[in-house]
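Here's the structure, in structure tokens; my notes come after.
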Amino acid sequence: MRKLIVQELVSVDGLAAGPNGELDFFDAVSDYSGPDTDNLAILDAVDTILLGSVSYRMLSEYWPTADGEMVAERVNSIPKVVFSSTLAEAPWGRFGPATVVAGSPADEVRRLVSQPGGDLILWGSLTLARSLLSAGLVDTLHLLVIPVVIGRGRQLLTEDTGALTLLEAKPYPSGIVSLRYAVAKAPD
């Protein structure tokens with residue numbers, strides 16, 4: 001069965017965005033080559049990227065023209081699913097468009113993981129990530145911790161996240177620390 005990975009960049013104080021959704025804390029580190037190298041290996045097992053509409057808009061403006069980025073070719077070639085009740089289509093530059101799903105994200109993810117194929121990865125999309133965590137559909141939580149304190153903003157994790165089991169902790173010379181956790185599944 002396919003697995004769902006939620007991968008998020010977070011600050012040391014556990015925030016995934018500033019109070020108004022700003023992501024400028026990403027700029028606290030200029031060297032993402034370590035995480036990007038490891039992401040190439042992760043993306044080899046992924047055949048679907050999941051996004052909410054806000055993250056889709058942001059990423060679709062950047063990645064289709066990010067030719068110099070180490071992971072750009074792989075990111076652009078992987079099929080994407082965008083969960084949105086407002087988008088009719090989701091173009092991805094010169095690459096194939098994303099599929100737009102207006103229905104229940106949990107139902108669609110259940111359908112996707114039951115099909116044959118590679119893993120699914122979700123980037124950004126905090127509301128979507130929290131809903132899938134709450135529904136017990138996330139297998140792996142991969143946090144890339146940026147060495148900066150924001151102080152206030154939007155959290156990814158809540159008290160409902162449940163138990164996490166550390167699978168790997170890996171520091172990079174840039175100061176980023178990769179933390180991979182298995183997410184406990186609620187008993188059926």
Exercise: identify the closest heavy-atom pair between [X] and [Y]:
{"X": "Asp67", "Y": "Pro64", "value": "OD1-O, 4.2 Å"}
{"X": "Leu156", "Y": "Ala129", "value": "CD1-CB, 3.7 Å"}
{"X": "Gly118", "Y": "Asp47", "value": "N-OD2, 2.7 Å"}
{"X": "Ala66", "Y": "Ala72", "value": "O-CB, 2.9 Å"}
{"X": "Ser178", "Y": "Tyr172", "value": "CB-CE1, 3.7 Å"}
{"X": "Leu23", "Y": "Ala16", "value": "CD2-O, 3.4 Å"}

Could you check whether any side-chain heavy atom of [X] comes within less than 4.5 Å of a side-chain heavy atom of [Y], counting everything from C-beta outward?
{"X": "Ile121", "Y": "Ile78", "answer": "no"}
{"X": "Val82", "Y": "Trp92", "answer": "no"}
{"X": "Arg74", "Y": "Asp44", "answer": "yes"}
{"X": "Ser53", "Y": "Arg57", "answer": "yes"}
{"X": "Glu69", "Y": "Val75", "answer": "no"}
{"X": "Leu120", "Y": "Leu112", "answer": "yes"}
{"X": "Tyr32", "Y": "Leu9", "answer": "yes"}
{"X": "Val183", "Y": "Val6", "answer": "no"}

Taking the side chain from [X] and the backbone from [Y], do they hold a donor-acceptor pair closer than 3.5 Å?
{"X": "Asp13", "Y": "Ile150", "answer": "yes"}
{"X": "Tyr181", "Y": "Ala163", "answer": "no"}
{"X": "Arg2", "Y": "Asp119", "answer": "no"}
{"X": "Ser125", "Y": "Leu128", "answer": "no"}

Between [atom1] on residue [X] and [atom2] on residue [Y], distance to nearest 0.5 Å:
{"X": "Arg180", "Y": "Leu166", "atom1": "CZ", "atom2": "CG", "answer": "9.0 Å"}
{"X": "Phe83", "Y": "Thr127", "atom1": "CZ", "atom2": "OG1", "answer": "13.5 Å"}
{"X": "Ser131", "Y": "Leu137", "atom1": "OG", "atom2": "CG", "answer": "8.5 Å"}
{"X": "Arg130", "Y": "Gln155", "atom1": "CZ", "atom2": "CD", "answer": "8.5 Å"}
{"X": "Ile176", "Y": "Asp31", "atom1": "CD1", "atom2": "CG", "answer": "7.5 Å"}
{"X": "Trp123", "Y": "Met58", "atom1": "CH2", "atom2": "CE", "answer": "11.0 Å"}

Hydrophobic clustering (ILVMFWY, side-chain heavy atoms < 4.5 Å, transitive) - are [Y] and [X] grouped together?
{"X": "Val149", "Y": "Phe26", "value": "no"}
{"X": "Leu43", "Y": "Leu4", "value": "no"}
{"X": "Tyr62", "Y": "Val29", "value": "yes"}
{"X": "Trp63", "Y": "Ile49", "value": "yes"}

- prompt: If you draw a 6.0 Å radius around CD in Glu73, do more than 12 non-hydrogen atoms from other residues or ligands fall strictly inside?
  reply: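 Not buried by this count: 12 neighbours or fewer within 6.0 Å.
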- prompt: Under the side-chain contact (heavy atoms from CB on, under 4.5 Å) criterion, do Glu108 and Leu50 qualify, and how do the steps go?
  reply: CA-CA 11 Å; Glu108 180 65 10; Leu50 306 179; over 6 Å; no
- request: Please step through side-chain contact (heavy atoms from CB on, under 4.5 Å) for the pair Lys80 and Leu59, ending with a clear verdict.
  value: CA-CA 11 Å; Lys80 294 151 194 73; Leu59 295 177; over 6 Å; no
task: Could you please spell out the steps behind the side-chain contact (heavy atoms from CB on, under 4.5 Å) verdict for Val12 and Val145?
output: CA-CA 6 Å; Val12 168; Val145 182; 4.0 Å; yes
